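Notes follow the structure.
In what follows, residues are counted from 1 in the order of the sequence shown. As the structure is a computational prediction, the values presented were derived from the model and not from experiment.
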Amino acid sequence: MSKTAPAPAPILDKAAQQAHDVVFLPGMLADQRLWQRVVPLLEGGQGRSGGGIRPHFPDMHGYNSIEDMADAIAATFSSPVVLVGMSMGGYVALELVRRFPGLVSHMLLANTRSSGEDTTSRRRRELLARMMRQQKTFRGFNDDMLARALDVNHPDHRENVAILGDMANALGRDVFCAQQIAVARRRDYDADLPYIAIPCHVMWGEKDAIIPPHDQHDLAAKIPGATWQSVANAAHYVPLEAPDMFVDALWSLLQR
């Protein structure tokens with residue numbers, strides 16, 4: 001008597017079998033509010049990867065070095081996580097991948113670079129930190145900085161300015177000075193990029209006047225297999241100015 005062949009086991013997408021721990025690493029003078037337009041879209045589209053996300057927002061405000069920030073995050077997690085790093089958060093993500101490669105499953109970098117500061121830029125940041133400590137009034141973003149960081153023609157420009165101002169006022173002078181020192185003295189990660197062996201995506205706003213697009217494109221080009229995209233009508237704060245595109249990019253990355 002012949003036997004009926006067993007039905008083939010269903011093929012399950014790896015992403016469909018798990019929820020992803022996604023660690024959001026913000027830029028300078030930013031906190032969880034930087035991702036306020038991104039996270040609801042991710043949570044509302046959990047079926048897109050078959051799994052879901054568990055967002056994490058580590059405190060990066062009590063440290064004056066990128067290495068210390070990375071150490072604190074590495075001590076928090078015991079299983080692989082997805083890193084989403086924007087600007088300074090991108091430096092922390094690269095430091096984590098460099099020293100704790102088994103901890104990271106995927107990495108999305110936004111509006112960041114892999115090179116270190118040159119001597120002039122480093123001294124300028126350190127001087128700014130010293131000067132800011134002596135000023136009576138702290139203001140995290142002046143008009144020139146806002147013009148370079150945001151698309152002034154964006155329909156949500158006023159609200160974006162308010163979000164940046166609220167974060168800066170809440171975090172304050174001490175955090176600003178510590179983070180300036182951390183960014184000024186960070187290492188150069190260019191030599192580490194060819195050894196990154198996880199799925200990576202790099203994106204930036206075309207109107208970013210803080211980090212030049214060619215720096216960000218070079219970063220993507222040096223990571224094997226990395227994908228990249230530029231975002232029109234966005235500047236340095238892509239998560240605020242183009243949240244839909246940001247979410248689409250992250251979901252696509254999780255399926256790799």
Side-chain angles (χ1 to χ4, degrees), residues 22-31 34-35 38 57-58 60-61 63 65-70 73 81-101 104 106-118 121-122 125 141 145 148-151 164 167 176 179-196 198-231 234-243 245-247 249-250 253:
V22 181
V23 182
F24 291 90
L25 307 173
M28 294 179 61
L29 278 185
D31 55 24
L34 176 65
W35 316 105
V38 167
F57 308 98
M60 295 167 54
H61 308 132
Y63 309 95
S65 79
I66 298 300
E67 291 82 1
D68 287 347
M69 295 178 196
I73 294 166
V81 298
V82 178
L83 297 181
V84 177
M86 181 249 161
S87 196
M88 182 189 74
Y91 311 147
V92 178
L94 290 170
E95 180 67 21
L96 282 162
V97 170
R98 183 181 76 88
R99 288 197 290 124
F100 308 97
V104 185
H106 300 73
M107 181 167 61
L108 190 156
L109 300 174
N111 298 88
T112 191
R113 54 160 63 102
S114 54
S115 59
E117 296 285 288
D118 60 35
S121 296
R122 183 171 63 252
R125 286 187 184 276
F141 293 92
M145 178 65 77
R148 296 170 62 216
L150 295 170
D151 175 11
L164 295 188
M167 290 190 295
F176 174 85
Q179 291 183 345
Q180 283 288 347
I181 296 299
V183 170
R185 299 176 181 177
R186 73 185 187 278
R187 67 179 285 121
D188 188 308
Y189 295 100
D190 279 345
D192 302 305
L193 301 182
Y195 301 99
I196 295 177
I198 57 173
C200 295
H201 184 68
V202 180
M203 63 192 311
W204 59 85
E206 292 181 357
K207 299 184 178 181
D208 187 353
I210 294 178
I211 299 180
H214 64 78
D215 282 0
Q216 301 172 71
H217 186 273
D218 288 348
L219 164 62
K222 292 175 182 176
I223 299 176
T227 53
W228 61 274
Q229 72 183 111
S230 60
V231 182
H236 192 61
Y237 288 89
V238 170
L240 287 176
E241 295 180 307
M245 293 185 68
F246 198 89
V247 167
L250 181 54
L253 176 65

- Using side chain to side chain contact (heavy atoms under 4.5 Å, CB included) as the criterion, point out the one residue from Lys207, Glu206, His236 that pairs with Asp151.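 That would be Lys207.
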- Query: Just one of Thr112, Val183, Leu29 clears the side chain to side chain contact (heavy atoms under 4.5 Å, CB included) bar with Met88, so which one?
  - Reply: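 By the side chain to side chain contact (heavy atoms under 4.5 Å, CB included) criterion, Met88 pairs with just one of Thr112, Val183, Leu29: Val183.
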Can you see which heavy atom on [X] is nearest to which on [Y], and at what distance?
X	Y	value
Pro224	Pro194	CG-O, 3.3 Å
Trp35	Pro239	CZ3-CG, 3.6 Å
Gly89	Met60	CA-CE, 4.3 Å
Gly27	Ser87	CA-CB, 4.1 Å
Arg148	Ala235	O-CB, 4.4 Å

Going from [atom1] on [X] to [atom2] on [Y], what distance comes out if it is rounded to the nearest 0.5 angstrom?
X	Y	atom1	atom2	result
Leu94	Leu109	CG	CG	5.5 Å
Phe24	Leu250	CZ	CG	6.0 Å
Phe57	Leu34	CZ	CG	10.0 Å
Leu25	Leu83	CG	CG	5.5 Å
Glu95	Arg186	CD	CZ	12.0 Å

List for me each residue that meets side-chain contact (heavy atoms from CB on, under 4.5 Å) alongside [X], sequence neighbours excluded, and say none if there are none.
X	value
Ala249	Leu108, His201, Met203, Gln229
Asp190	Ser114, Ser115, Asp188, Leu193, Lys222
Asp215	Arg113, Ile211, Pro212
Asp31	Arg33, His61, Met167, Leu171

- Message: Any side-chain to backbone donor/acceptor pair from Arg125 onto Gln180? Under 3.5 Å, distance only.
- Response: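 Not a single qualifying donor-acceptor pair exists.
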- Message: Could you work out, with salt bridge (Lys or Arg N to Asp or Glu O under 4.0 Å) as the rule, every residue matching Asp208, not counting sequence neighbours?
- Response: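 Not a single residue meets the salt bridge (Lys or Arg N to Asp or Glu O under 4.0 Å) criterion with Asp208.
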- Please assess Met69 against Tyr91 for the test side chain to side chain contact (heavy atoms under 4.5 Å, CB included), listing each intermediate value before the final yes or no. CA-CA 10 Å; Met69 295 178 196; Tyr91 311 147; over 6 Å; no
- Message: Pair Val84, Val38 - check side chain to side chain contact (heavy atoms under 4.5 Å, CB included), show working.
- Response: CA-CA 11 Å; Val84 177; Val38 167; over 6 Å; no
- Query: Who passes ring pair (Phe, Tyr, Trp, His ring centres under 6.0 Å) against Phe176, sequence neighbours left out?
  - Reply: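 Here the qualifying residues are Phe138.
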- Message: Below 30° counts as parallel, above 60° as perpendicular, anything between as tilted: where do the rings of His217 and Trp204 land?
- Response: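 Plane angle over 60°, so perpendicular.
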- CA sep, side-chain torsions, deciding dist, call: Met107, Ile198, side chain to side chain contact (heavy atoms under 4.5 Å, CB included): CA-CA 7 Å; Met107 181 167 61; Ile198 57 173; 4.0 Å; yes
- Task: List the steps and the verdict of side chain to side chain contact (heavy atoms under 4.5 Å, CB included) for Leu150 and Tyr237.
- Result: CA-CA 7 Å; Leu150 295 170; Tyr237 288 89; 4.0 Å; yes
- Student check: side-chain heavy atoms of Leu164 and Leu240 closer than 4.5 Å: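 Side-chain contact under 4.5 Å: yes.
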- Val231 side chain reached by Glu241 side chain, heavy atoms, under 4.5 Å: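 Answer no - side chains too far apart.
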- Message: With a 6.0 Å cut-off (strictly less than), is the heavy-atom count around CE of Met245, excluding the residue itself, greater than 12?
- Response: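 For Met245, atom CE is crowded (more than 12 foreign heavy atoms under 6.0 Å).
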